[in-house]
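These notes are about the structure you will find just below.
All values derive from a computational prediction rather than experimental measurement.
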Amino acid sequence: MDEFLHFMQGEMTVPGLFSPFHLVAIALTLTGAFLLPFFLRDASERVYKRILLIAWIALIVLEIGKQILLAFHYGSPSYWEYSYRDFPFSICSMVYYFAPIVLFVNKERHPKIVDAAIGYLCLVSLAGGLTVIAYPVMVTSRLIYINVQSFIHHGTQVILGVFVYVWNRRSVTIKTYYRSMIAFAITAAVAVVINVSFQPHFINMFFINPLIITNLPIGNVVQEKAGYPVFLIGFLSLIALVAFLIYLAETSIDKAIVKKKASRP
């Protein structure tokens, strides 16, 4: 078992920005984000949920593999040591928690909760996935498995985000955006509590630990110069703005398609 885990910790050159590894990830993500929604935009609810379930299970399995590899340390002797900072509670890992809400919560009984989860997936998670796929420097490493898992995870975020919006396009409204922002604020608050509670362990869920300087580019300068409250408000506002721009883009494209179809003789 030790030798197998050591094998799985094989290393590679850290993929750089626009390296072949990065470009392939971009190409596969964009292809999937176009083809899946295009061919299954009007799929039955059963097919829609089955695709979401399969993707969710695959992401969970890959994440478990990642957690195992990060906790295993090969040597003489080998040993296990888990780092709390690796626990999956980041903006991009929220797909693990919100996809089950869409899958298993009764929409008729809890429409607002399900709508918030849909909004989180097709707005906030999509924003996070796009950011990492475009600028993956903060998630790449020397471990082959971690790089592959990271690009699959964030690429799937993008693909699912687009697919979830397209399938729910008739029910996604500005209220969906507002509800997703409430859900985002709650998860951010939980992240701060986790960050503070586990000190002195280095934990920086959502990159918003008030006790340490964030490692986000530009964000670290803002936090150092202007203070944590300014950084926190600015960071959360930026996420909200990007999510809103994605909402505008998605709804505008959908309206243009509907209008074009209506104008055909």
Side-chain angles (χ1 to χ4, degrees), residues 11-34 55 59 62-63 66 70 85-96 98 120-165 180-181 184 187-188 191 195 202-209 212-226 230-250:
E11 297 185 352
M12 63 182 290
T13 302
V14 178
L17 194 62
F18 301 123
S19 63
F21 196 90
H22 183 206
L23 292 176
V24 169
I26 292 175
L28 291 176
T29 299
L30 294 179
T31 301
F34 173 76
L59 292 179
L62 288 172
E63 179 64 36
K66 170 186 172 182
L70 291 177
R85 68 181 179 183
D86 295 324
F87 184 78
F89 198 87
S90 63
I91 294 175
C92 289
S93 63
M94 287 299 104
V95 64
Y96 301 145
F98 283 92
Y120 210 112
L121 292 178
C122 70
L123 299 175
V124 182
S125 290
L126 176 56
L130 285 172
T131 300
V132 173
I133 288 296
Y135 188 77
V137 175
M138 294 188 66
V139 301
T140 51
S141 73
R142 292 179 301 170
L143 296 181
I144 298 173
Y145 181 91
I146 300 301
N147 291 327
V148 173
Q149 183 271 342
S150 181
F151 279 119
I152 291 176
H153 174 90
H154 294 95
T156 302
Q157 265 186 253
V158 175
I159 296 169
L160 286 183
V162 176
F163 178 57
V164 167
Y165 170 76
S180 71
M181 288 300 99
F184 175 62
T187 55
N195 291 336
F202 178 81
I203 298 178
N204 198 14
M205 306 299 182
F206 277 51
F207 304 103
I208 52 175
N209 191 328
I212 59 177
I213 300 296
T214 184
N215 54 342
L216 286 173
I218 303 178
N220 54 1
V221 177
V222 174
Q223 188 174 349
E224 287 180 337
K225 300 296 183 181
V230 174
F231 158 71
L232 180 63
I233 293 173
F235 176 69
L236 298 182
S237 298
L238 179 61
I239 299 297
L241 175 61
V242 174
F244 181 66
L245 293 176
I246 290 176
Y247 167 77
L248 290 179
E250 289 174 332

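Contact check for L62 versus V148: no side-chain heavy atoms found under the 4.5 Å cut-off. For the pair P217/M138, a side-chain contact is recorded, criterion being any heavy-atom separation below 4.5 Å from C-beta on. A heavy-atom distance below 4.5 Å is found between the side chains of M12 and N147. Side-chain atoms of T140 and F151, non-hydrogen and from C-beta on, do get closer than 4.5 Å to each other. Counting heavy atoms from C-beta outward, F206 and T187 have side chains that approach closer than 4.5 Å. Under the 4.5 Å side-chain criterion, counting only non-hydrogen atoms from C-beta, L126 is not in contact with L121. When side chains are defined from C-beta on, F87 counts as touching M205, because their heavy atoms get closer than 4.5 Å. Side-chain contact check for F207 versus I91: every heavy-atom pair is 4.5 Å or farther apart.
Every residue two or more places apart in sequence or in another chain that forms a side-chain contact (heavy atoms from CB on, under 4.5 Å) with V137 is listed here: Y135. Residues forming a ring pair (Phe, Tyr, Trp, His ring centres under 6.0 Å) with F235 (at least two apart in sequence, or on another chain): F231. Among residues two or more places apart in sequence or in another chain, the ring pair (Phe, Tyr, Trp, His ring centres under 6.0 Å) test is passed with Y96 by H153. Residues that satisfy the ring pair (Phe, Tyr, Trp, His ring centres under 6.0 Å) test with Y165, not counting sequence neighbours, are absent from this structure. Residues that satisfy the side-chain contact (heavy atoms from CB on, under 4.5 Å) test with I213, not counting sequence neighbours, are N220, Q223, E224.
Contact detail for I246 and L130: the closest heavy-atom pair is CD1-CD1, 4.2 Å. Summarising the geometry of G129 relative to C92, their closest heavy-atom pair is N-SG, 4.3 Å, with the distance given to 0.1 Å. Residues I212 and I203 approach most closely at CD1-O, 4.1 Å, considering heavy atoms. Nearest approach of T214 to G219, heavy atoms of both residues: CG2-C, 3.5 Å. What you find for A33 and V158 is that their closest heavy atoms are CB-CG1, 4.3 Å. Looking at every heavy atom in both residues, G161 comes nearest to C122 through O-CB, 3.2 Å.
Residue I218 places its CD1 atom among 12 or fewer non-hydrogen atoms of other residues, nucleotides or ligands, all under 6.0 Å distant.
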Taking distance alone, no hydrogens or angles, what donor-acceptor pairs closer than 3.5 Å link side-chain atoms of residues 20-30 to residues at least two apart or in another chain?
{"unit_1": "H22", "atom_1": "ND1", "unit_2": "F18", "atom_2": "N", "d": "2.8"}
{"unit_1": "H22", "atom_1": "NE2", "unit_2": "I133", "atom_2": "O", "d": "2.5"}
{"unit_1": "T29", "atom_1": "OG1", "unit_2": "A25", "atom_2": "O", "d": "2.8"}

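In this structure, R85 CZ and S90 OG are separated by 14.0 Å, a value rounded to the nearest 0.5 Å. Taking OG of S125 as the start and CG of L123 as the end, the distance is 9.0 Å to the nearest 0.5 Å. Between T156 atom OG1 and L59 atom CG the span is 5.0 Å, to the nearest 0.5 Å. Within the model, atoms CZ of F202 and CG of N215 stand 5.5 Å from one another, a figure rounded to the nearest 0.5 Å. A distance of 9.5 Å separates OG1 of T13 from CD1 of I144, quoted to the nearest 0.5 Å.
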(request) Under the side chain to side chain contact (heavy atoms under 4.5 Å, CB included) rule, what do L143 and E11 come out as? Steps first, then yes or no, please. (result) CA-CA 4 Å; L143 296 181; E11 297 185 352; 4.1 Å; yes
